[in-house]
Amino acid sequence: MHRHDKTSQLEAQLGRSLTRRAAPAGFSGGVMQRIRAEAGRDPQRAPSARFLGLPGLRISFPRALAACACAAAVLVALVVPGWHTRRQEASVAMQTAERELAEVLQLTGLGWVRAQEAAFSPLQDKDND
Amino acid sequence: MTRPAFLRTATLALLAFFASGSSMGIRAQDVPAEGAALEFADLESKADEVVKVNLWGRPLDQAKKLVGLRKNITSSVRSFMNGLTAVYRRTYRFRRDPPSEDDVAPVHRQLAEDGWVPMIETADRQKPESLSVYSYSEDERVAGMTVVTREANEVTVVKILGPVDFEALSEIGSGLGLPVMNVATTDIKKPAAAAQPR
């Protein structure tokens with residue numbers, strides 16, 4: 001018999017016995033009502049039988065935690081290299097921007113100096129004299 | 001909170017975190033109007049090589065910080081550089097047909113239409129070279145400068161926006177004030193006068 005079927009059978013048996021018998025000592029009416037409600041549910045549809053609200057996905061908490069950790073590890077493995085690449089690209093872009101700014105400043109300064117030299121050259125001064 | 005509810009919330013939070021991480025890249029920005037106007041289709045179609053530089057906003061701020069970290073940069077150059085709001089460069093290189101004055105005419109026309117005033121214009125009749133310096137004024141202050149150079153195999157247009165400090169520009173042009181470091185200056189020619197000590 002499959003483990004899942006066995007569990008379902010046991011739950012069904014428990015449900016039947018709980019609906020027949022009186023509440024055990026120490027159990028309040030509210031607690032018994034919740035137990036009966038839970039036991040009376042279809043195991044496939046009961047909240048306790050679901051993981052992340054997915055019907056039919058029965059998994060214990062430690063396994064769910066391990067699954068989450070695995071999923072997170074896979075996501076990190078996928079995302080971190082891209083993030084690293086983006087940072088490298090940003091660093092290269094900054095260096096390029098620095099070089100471009102310096103070049104534009106030098107070209108502008110050079111143009112200004114050359115224009116000044118051409119406009120106020122010694123030859124022109126001599127002609128003016 | 002029940003375990004499934006907790007796990008569901010935790011998983012969704014995790015997914016949301018990674019999803020938000022994918023959109024953390026630098027967003028592409030549109031070229032501002034000043035840079036968009038600096039397009040010369042005829043020159044570009046004729047040129048064998050085109051260099052375009054558009055720097056403004058955050059990339060320009062970062063570049064200013066990095067350039068400002070260089071040793072021996074003078075305070076006047078740093079102050080001038082920090083005041084800049086945008087810089088643009090267009091370099092058109094020609095291997096076969098040298099550029100003529102007619103090729104550069106649309107550049108001068110465009111600058112005149114945009115309100116730029118020519119400060120100095122020089123041309124050498126014996127050489128295929130010309131140099132023009134334009135300025136742009138706002139509130140009686142020079143708020144921008146454009147240099148157009150035509151050489152035997154290259155046309156370069158550089159435009160800087162922001163308060164212009166001509167003394168700082170002279171320092172830069174003379175090879176002082178802005179130390180050259182890790183800069184590929186193969187296309188930057190220094191004038192003969194700058195190479196000699198004054």
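Within every chain, numbering begins at 1; the chains are lettered A, B, ... in the order of the sequence lines, protein sequences first and strands thereafter.
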For A/A97 and B/P59, which heavy atoms make the closest approach, and how far apart are they?
CB-O, 4.0 Å
In terms of hydrophobic clustering (I, L, V, M, F, W, Y; side-chain heavy atoms under 4.5 Å; direct or indirect links), are B/L60 and B/V51 co-clustered?
yes
Given a strict heavy-atom distance threshold of 4.5 Å, which part of B/L131 is in contact with chain A: side chain, backbone, both, or neither?
side chain
Do A/L105 and B/L84 come within less than 4.5 Å of each other through their side chains, counting heavy atoms only?
yes
For the hydrophobic clusters of this structure (ILVMFWY residues joined by side-chain heavy atoms under 4.5 Å, transitively), does one cluster hold both B/F166 and B/V117?
no
Who wins among A/E100, A/R87, A/Q95, A/E89 for the most heavy-atom pairs under 4.5 Å with chain B?
A/E100
Check whether any side-chain heavy atom of B/V147 sits under 4.5 Å from a side-chain heavy atom of A/R114, and report yes or no.
no
Looking only at heavy atoms and a cut-off of under 4.5 Å, which of B/V158, B/T149, B/V133 has the most pairs with chain A?
B/V158
Please determine, among B/S132, B/A168, B/S170, the option with the most heavy-atom pairs under 4.5 Å with chain A.
B/S170
Side chain, backbone, both or neither of B/K65 within contact of chain A (heavy atoms, under 4.5 Å):
neither
Grouping I, L, V, M, F, W and Y whenever their side-chain heavy atoms are under 4.5 Å apart, do B/L66 and B/I160 come out in a common cluster?
no
I'd like to know if A/M94 and B/I73 are part of one continuous hydrophobic network [Ile/Leu/Val/Met/Phe/Trp/Tyr, side-chain heavy atoms within less than 4.5 Å].
no
Which atoms of B/T156 are under 4.5 Å from chain A, going by heavy atoms: the side chain, the backbone, both sets, or neither?
side chain
Heavy-atom distance under 4.5 Å to chain A: side chain of B/V67, backbone, both or neither?
both
In terms of heavy-atom contacts, does CD of B/E167 have more than 12 from other residues, nucleotides or ligands at under 6.0 Å?
no
Would you check, one step at a time, whether the test side chain to side chain contact (heavy atoms under 4.5 Å, CB included) holds for A/E103 with B/V53?
CA-CA 10 Å; A/E103 283 187 2; B/V53 173; over 6 Å; no
Bottom line for B/F80: the part with an atom under 4.5 Å from chain A's heavy atoms is side chain
Relative to chain A, which segment of B/L169 carries a heavy atom at a distance below 4.5 Å: side chain, backbone, both, or neither?
both
Measuring only between side-chain heavy atoms, which start at C-beta, is A/W112 closer than 4.5 Å to B/M145?
yes
Under 4.5 Å from any heavy atom of chain A, what part of B/T122 do you find: side chain, backbone, both or neither?
side chain
Flag side-chain contact, heavy atom, 4.5 Å: A/T108 against B/I172:
no
Taking every non-hydrogen atom, the tightest pair across A/A119 and B/I120:
CB-CG2, 4.0 Å
